[in-house]
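Each remark here refers to the structure printed beneath this line.
The structure displayed is predicted, hence computed values, not measured ones.
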Amino acid sequence: QLVESGGGLVQAGGSLRLSCAASGRTFSNYDMGWFRQAPGKERESVAAITWSGGATYYTDSVKGRFTISRDNAKILVFLQMTSLKSVDTAVYYCAAAGMPFDSMLYGTWRQGAAYGVWGQGTQVTVSS
(Lines give C-alpha, C1' and ligand atoms only; values in the text may rest on other atoms or scores of the structure.)
Protein backbone atom coordinates (compact mmCIF):
# COMPACT_ATOMS: atom_id res chain seq x y z
CA GLN A 1 0.00 0.00 0.00
CA LEU A 2 3.03 2.27 0.38
CA VAL A 3 5.78 2.05 -2.20
CA GLU A 4 9.07 3.92 -1.91
CA SER A 5 11.28 4.85 -4.84
CA GLY A 6 14.21 7.09 -5.65
CA GLY A 7 16.95 5.34 -3.75
CA GLY A 8 20.31 4.60 -5.28
CA LEU A 9 24.04 5.12 -5.11
CA VAL A 10 25.32 8.66 -4.72
CA GLN A 11 28.62 10.24 -3.78
CA ALA A 12 29.04 12.05 -0.52
CA GLY A 13 27.78 15.59 -0.84
CA GLY A 14 25.23 14.58 -3.43
CA SER A 15 21.45 14.62 -3.36
CA LEU A 16 18.57 12.22 -3.78
CA ARG A 17 14.82 12.60 -3.62
CA LEU A 18 12.81 9.71 -2.26
CA SER A 19 9.16 9.30 -3.07
CA CYS A 20 6.46 7.35 -1.30
CA ALA A 21 3.34 6.53 -3.26
CA ALA A 22 0.12 5.10 -1.89
CA SER A 23 -1.89 2.49 -3.70
CA GLY A 24 -5.10 0.75 -2.87
CA ARG A 25 -6.20 3.39 -0.41
CA THR A 26 -5.68 7.05 0.23
CA PHE A 27 -3.31 8.35 2.89
CA SER A 28 -3.95 12.00 2.18
CA ASN A 29 -5.41 12.51 5.66
CA TYR A 30 -2.68 10.59 7.47
CA ASP A 31 0.39 11.96 9.14
CA MET A 32 3.41 10.33 7.52
CA GLY A 33 6.98 9.56 8.43
CA TRP A 34 10.29 8.43 6.99
CA PHE A 35 12.51 5.99 8.83
CA ARG A 36 15.80 4.35 7.97
CA GLN A 37 17.75 1.31 9.03
CA ALA A 38 21.44 0.83 8.44
CA PRO A 39 23.04 -2.62 8.50
CA GLY A 40 23.49 -3.85 12.04
CA LYS A 41 21.67 -0.87 13.50
CA GLU A 42 18.21 -0.23 14.82
CA ARG A 43 15.60 1.51 12.75
CA GLU A 44 15.58 5.24 13.41
CA SER A 45 13.20 8.04 12.61
CA VAL A 46 14.28 10.56 10.02
CA ALA A 47 11.42 12.97 9.40
CA ALA A 48 7.66 13.26 9.63
CA ILE A 49 4.90 15.48 8.33
CA THR A 50 1.32 16.13 9.33
CA TRP A 51 -1.51 15.34 6.93
CA SER A 52 -1.88 19.00 5.98
CA GLY A 53 1.84 19.54 5.58
CA GLY A 54 1.57 22.27 8.17
CA ALA A 55 4.09 20.76 10.54
CA THR A 56 7.29 18.87 9.89
CA TYR A 57 9.68 17.13 12.21
CA TYR A 58 13.30 16.05 11.76
CA THR A 59 15.82 14.09 13.69
CA ASP A 60 18.80 16.24 14.63
CA SER A 61 21.27 14.50 12.33
CA VAL A 62 19.35 15.47 9.19
CA LYS A 63 18.13 18.95 10.08
CA GLY A 64 19.15 21.45 7.44
CA ARG A 65 19.94 18.69 4.94
CA PHE A 66 16.68 16.78 4.48
CA THR A 67 13.25 18.15 3.65
CA ILE A 68 10.00 16.23 3.92
CA SER A 69 7.01 17.32 1.87
CA ARG A 70 3.82 15.90 0.48
CA ASP A 71 1.42 16.26 -2.41
CA ASN A 72 -1.96 15.05 -1.27
CA ALA A 73 -3.46 15.53 -4.70
CA LYS A 74 -1.04 12.94 -6.03
CA ILE A 75 -0.96 10.94 -2.82
CA LEU A 76 2.80 11.23 -2.50
CA VAL A 77 5.28 11.98 0.25
CA PHE A 78 8.80 13.07 -0.54
CA LEU A 79 12.12 13.18 1.23
CA GLN A 80 14.60 15.52 -0.40
CA MET A 81 18.07 14.65 0.83
CA THR A 82 21.04 16.93 0.24
CA SER A 83 24.65 17.04 1.44
CA LEU A 84 24.49 13.30 1.86
CA LYS A 85 27.03 11.59 4.07
CA SER A 86 28.18 8.01 4.31
CA VAL A 87 26.32 7.72 7.62
CA ASP A 88 23.08 8.28 5.72
CA THR A 89 23.52 4.91 4.02
CA ALA A 90 20.49 2.81 4.94
CA VAL A 91 17.23 1.37 3.74
CA TYR A 92 14.64 4.12 3.91
CA TYR A 93 11.02 3.40 4.71
CA CYS A 94 7.92 5.54 4.61
CA ALA A 95 5.06 4.88 6.96
CA ALA A 96 1.58 6.12 7.74
CA ALA A 97 0.77 7.03 11.32
CA GLY A 98 -2.06 5.23 13.06
CA MET A 99 -3.25 8.41 14.73
CA PRO A 100 -2.60 12.13 14.21
CA PHE A 101 0.62 13.31 15.80
CA ASP A 102 -1.19 16.01 17.73
CA SER A 103 -3.28 13.36 19.47
CA MET A 104 -0.12 11.73 20.83
CA LEU A 105 2.60 12.81 23.20
CA TYR A 106 5.10 15.16 21.63
CA GLY A 107 7.87 13.22 20.00
CA THR A 108 5.79 10.13 19.35
CA TRP A 109 6.41 10.67 15.64
CA ARG A 110 9.85 9.22 16.31
CA GLN A 111 8.45 5.85 17.39
CA GLY A 112 7.85 3.11 14.88
CA ALA A 113 4.96 1.83 16.96
CA ALA A 114 3.03 4.99 16.08
CA TYR A 115 2.79 3.87 12.45
CA GLY A 116 0.46 1.23 11.14
CA VAL A 117 1.36 0.90 7.48
CA TRP A 118 4.88 0.59 6.09
CA GLY A 119 6.46 0.46 2.68
CA GLN A 120 8.99 -2.14 1.60
CA GLY A 121 11.92 0.29 1.69
CA THR A 122 14.39 1.72 -0.78
CA GLN A 123 18.16 1.46 -0.49
CA VAL A 124 20.26 4.60 -0.26
CA THR A 125 24.01 4.15 -0.48
CA VAL A 126 26.36 7.10 -0.07
CA SER A 127 29.93 6.51 -1.13
CA SER A 128 32.71 8.50 0.49
Side-chain angles (χ1 to χ4, degrees):
Q1 291 179 323
L2 292 174
V3 180
E4 302 93 338
S5 61
L9 174 64
V10 63
Q11 289 187 332
S15 300
L16 281 175
R17 189 174 85 152
L18 305 183
S19 299
C20 174
S23 64
R25 59 184 287 190
T26 179
F27 290 95
S28 59
N29 58 340
Y30 282 70
D31 296 349
M32 301 289 292
W34 283 96
F35 288 74
R36 65 186 180 187
Q37 186 166 21
K41 295 188 176 181
E42 294 186 354
R43 182 180 60 194
E44 64 171 345
S45 59
V46 176
I49 188 168
T50 55
W51 71 270
S52 67
T56 56
Y57 309 89
Y58 299 93
T59 197
D60 286 347
S61 62
V62 307
K63 284 181 181 177
R65 300 189 299 122
F66 290 11
T67 303
I68 188 170
S69 61
R70 68 190 298 162
D71 183 342
N72 285 338
K74 297 182 179 179
I75 318 176
L76 291 173
V77 180
F78 305 99
L79 186 67
Q80 178 68 49
M81 306 185 295
T82 63
S83 301
L84 283 162
K85 307 174 182 179
S86 58
V87 295
D88 296 317
T89 295
V91 177
Y92 284 70
Y93 301 89
C94 71
M99 295 179 65
F101 295 147
D102 61 11
S103 71
M104 300 184 281
L105 292 174
Y106 182 78
T108 304
W109 68 270
R110 300 179 182 275
Q111 300 175 15
Y115 299 80
V117 181
W118 293 80
Q120 84 292 346
T122 186
Q123 176 71 47
V124 171
T125 303
V126 183
S127 62
S128 57

Beyond-backbone contact of [X] with [Y], side-chain heavy atoms, under 4.5 angstrom:
X: V124; Y: M81; result: yes
X: F27; Y: V77; result: no
X: Y30; Y: V117; result: no

Minimum-distance pair of heavy atoms, taken over all atoms of [X] and [Y]:
X: A47; Y: L79; result: CB-CD1, 4.1 Å
X: S86; Y: S128; result: CB-CB, 4.4 Å
X: M99; Y: M104; result: O-CE, 3.4 Å
X: Q123; Y: V91; result: OE1-CG2, 3.2 Å
X: L18; Y: T122; result: CD2-CG2, 4.0 Å

Below 4.0 angstrom, N of the basic side chain to O of the carboxylate: do K63 and D60 qualify?
yes

Kindly say whether [Y] contributes a backbone atom to a donor-acceptor pair with the side chain of [X] at under 3.5 angstrom?
X: Y115; Y: W109; result: yes
X: E4; Y: Q120; result: yes
X: N72; Y: W51; result: yes
X: R70; Y: G53; result: no
X: T82; Y: R65; result: yes
X: T89; Y: V126; result: yes

Just verifying a value: how many Å separate [X] [atom1] and [Y] [atom2], rounded to the nearest 0.5 Å?
X: C94; Y: I68; atom1: SG; atom2: CD1; answer: 9.0 Å
X: L2; Y: Y93; atom1: CG; atom2: OH; answer: 13.5 Å
X: D88; Y: L16; atom1: CG; atom2: CG; answer: 10.0 Å
X: S5; Y: Y92; atom1: OG; atom2: OH; answer: 15.0 Å
X: Q37; Y: E44; atom1: CD; atom2: CD; answer: 9.5 Å
X: S45; Y: W34; atom1: OG; atom2: CH2; answer: 14.0 Å

Can you confirm if the NZ or CZ of R110 lies within 45° of the ring axis of Y57 and under 6.0 Å from the centre of its six-membered ring?
no

Could you tell me whether W118 atom CH2 has more than 12 heavy atoms of other residues or ligands within 6.0 Å of it?
yes

If you count every heavy atom of other residues, nucleotides or ligands that lies below 6.0 Å from Q11 atom CD, does the total exceed 12?
no

Would T26 and S28 count as having a side-chain donor-acceptor pair, cut-off 3.5 Å?
yes

Examine F66 and F35 and state if one hydrophobic cluster contains both, with Ile, Leu, Val, Met, Phe, Trp and Tyr joined whenever side-chain heavy atoms are less than 4.5 Å apart.
no

